[in-house]
Amino acid sequence: QAKALGRNTYTCFTNEMNTAIKRRLAIEEQMHTALENNEFELFYQPKCDLKTNKIMGAEALLRWNNRVLGNVTPDEFIPLAEQTGLIIPIGKFVIERALSFLSQWQATAKQNYSMAINLSPSQFRDSELLNFIKRTLDKTKISATNVELEITEGVLMSAQTNIQHSLNAIAALGIKLSMDDFGTGYSSLSYLRQYPFEVLKIDRSFINGITDNQEDCSLVKATIAMSHSLGLTVVAEGVETLAQQHLLAELNCDLIQGYFFSKPLPAMQLLCFEG
Ligand code: C2E
Ligand code: MG
Ligand code: MG
Ligand code: MG
């Protein structure tokens with residue numbers, strides 16, 4: 001009986017592994033032609049200023065719909081794009097598309113909106129990155145001060161000698177550096193001191209519990225106070241309820257982003273959005 005069970009478990013396990021490997025291979029295969037087949041689309045999640053209750057910008061979030069695989073989430077395909085190097089052309093597509101949308105959005109709404117773009121570690125290993133961003137800013141006539149680049153500490157831990165140089169050069173252009181998913185991972189405090197961040201985004205896992213959990217609330221309160229004393233703007237990620245929004249306003253948080261205010265939207269819908 002035990003033996004049979006053991007064997008079954010083993011079979012199950014290898015089947016699961018097979019499925020995972022097959023899925024991975026299929027994603028890699030499909031991703032190679034996804035750009036040329038126009039399968040990627042950017043959605044935009046607006047950020048709301050808690051003082052004015054107005055939209056001040058959005059974050060670009062990549063969506064992939066493939067004929068064979070259907071919708072694949074960024075949490076699944078971005079790591080594979082990183083490993084295969086495809087993140088370089090995909091990342092360029094994101095920068096170009098997000099900034100040309102921003103120029104259309106600013107013109108339509110007659111507002112000085114900003115755009116936040118996520119960058120992965122290997123994009124920083126591409127010596128072309130900075131020039132590509134500069135050229136795209138010129139082409140779209142977007143001011144560097146309206147652009148935010150969101151990085152996680154994965155970028156900072158990727159053991160690159162020139163990361164300090166890259167981040168300084170980006171900041172020198174006037175682009176804002178934003179620390180994404182703050183509070184997850186390790187020792188982010190030293191990073192805040194070492195690199196030229198202007199924005200800190202508190203991870204949604206902390207925001208989730210703030211109205212019911214005293215510890216989460218204390219951590220968020222302390223993070224906001226610390227950020228402000230360092231001159232950083234604070235964004236709360238994953239705000240899903242009015243109660244969370246009220247509490248964050250009380251705690252002096254600057255901006256909120258989350259399903260309560262708005263889900264990520266296709267370009268057309270954001271152009272029609274009445275905040
Ligand atoms: P992120 O940069 O931390 O983005 C926030 C994620 O939280 C997004 O997931 C967004 O849809 C989700 N979110 C926003 N508000 C709420 C909320 O109220 N509740 C919940 N439960 N979730 C919320 P998404 O779009 O699936 O993206 C996941 C991650 O994939 C992003 O995390 C980012 O790290 C990465 N990613 C997305 N687009 C790009 C891209 O263009 N380039 C790179 N390098 N990474 C990207
Ligand atoms: Mg982000
Ligand atoms: Mg985040
Ligand atoms: Mg994230």
Side-chain angles (χ1 to χ4, degrees), residues 27 31 34-35 39-48 57-65 71-102 114-126 129 132-133 136 147-156 158 176-185 188 197 199-211 220 223 233-245 248 253 255-267 269-270:
I27 289 175
M31 204 161 27
L35 267 179
E39 295 170 17
F40 289 114
E41 185 183 358
L42 283 180
F43 274 39
Y44 301 94
Q45 187 174 37
K47 280 185 275 187
C48 173
E59 175 178 6
L61 293 160
L62 194 54
R63 296 292 176 260
W64 180 25
N65 184 268
N71 287 320
V72 187
T73 65
D75 284 328
E76 192 173 15
F77 73 78
I78 294 282
L80 293 181
E82 271 279 312
Q83 287 165 34
T84 55
L86 281 169
I87 193 68
I88 300 299
I90 293 173
K92 285 182 173 167
F93 163 86
V94 169
I95 293 165
E96 200 149 42
R97 181 62 71 84
L99 294 187
S100 48
F101 172 73
L102 178 60
S114 63
M115 183 61 68
I117 296 171
N118 293 285
L119 288 188
S120 313
S122 51
Q123 292 181 269
F124 282 91
R125 261 168 255 137
D126 177 15
L129 175 74
F132 183 80
I133 293 175
T136 314
V147 179
E148 256 171 52
L149 296 180
E150 297 193 359
I151 62 177
T152 56
E153 61 177 22
V155 169
L156 307 174
S158 63
K176 296 191 175 81
L177 270 181
S178 174
M179 165 75 90
D180 205 351
D181 301 347
F182 185 82
T184 63
S188 316
F197 286 103
V199 183
L200 182 146
K201 301 187 77 175
I202 304 177
D203 191 70
R204 80 163 178 265
S205 56
F206 294 95
I207 303 304
N208 207 14
I210 46 167
T211 51
V220 168
T223 304
T233 300
V234 187
V235 183
E237 297 193 274
V239 178
E240 293 185 351
T241 67
L242 180 63
Q244 289 169 349
Q245 175 175 330
L248 287 161
C253 184
L255 303 163
I256 53 162
Q257 186 182 348
Y259 293 169
F260 179 70
F261 185 67
S262 170
K263 291 206 163 180
L265 303 170
Q269 279 184 45
L270 187 55

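When reading the values below, keep in mind they use all heavy atoms of this one structure, side chains included, and skip hydrogens, waters and symmetry mates. Both ligands and their constituent atoms are indexed starting at 1 by order of listing.
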N/O/S atom name from E59 that is nearest to the position of the Mg ion (ligand 2): OE2
Using only heavy-atom distances, determine whether the side chains of E82 and S122 contain a donor-acceptor pair under 3.5 Å. yes
With no hydrogens and no angle check, just 3.5 Å: does a side-chain donor-acceptor pair link S205 and D203? yes
Classify the contact between [X] and ligand 1 as side chain, backbone, both or neither, using a heavy-atom distance cut-off of under 4.0 Å.
X	answer
P264	side chain
V239	backbone
I78	side chain
D181	side chain

Within the structure, is a non-hydrogen atom of E59 found at a distance of less than 4.0 Å from ligand 1? yes
Is V94 near ligand 1, meaning one of its heavy atoms is under 4.0 Å from it? yes
Evaluating non-hydrogen atoms only, which member of R63, R204, K263 is closest to atom 7 (O) of ligand 1? R204
Does any N, O or S atom in [X] come within less than 2.8 Å of the Mg ion (ligand 2)?
X	answer
N118	yes
E237	no
D181	no

Mind checking whether N118 and L62 have side chains closer than 4.5 Å, heavy atoms only? no
Mind checking whether N118 has an N or O less than 3.5 Å away from an N or O of ligand 1? yes
Those atoms of ligand 1 less than 4.0 Å from some heavy atom in E237: 3 (O), 5 (C)
Counting backbone and side-chain atoms alike, is an N, O or S atom of D203 positioned under 2.8 Å from the Mg ion (ligand 3)? no
Does the plane of the ring in F77 sit parallel, tilted or perpendicular to the ring in F40? Use 30° and 60° as the thresholds. tilted
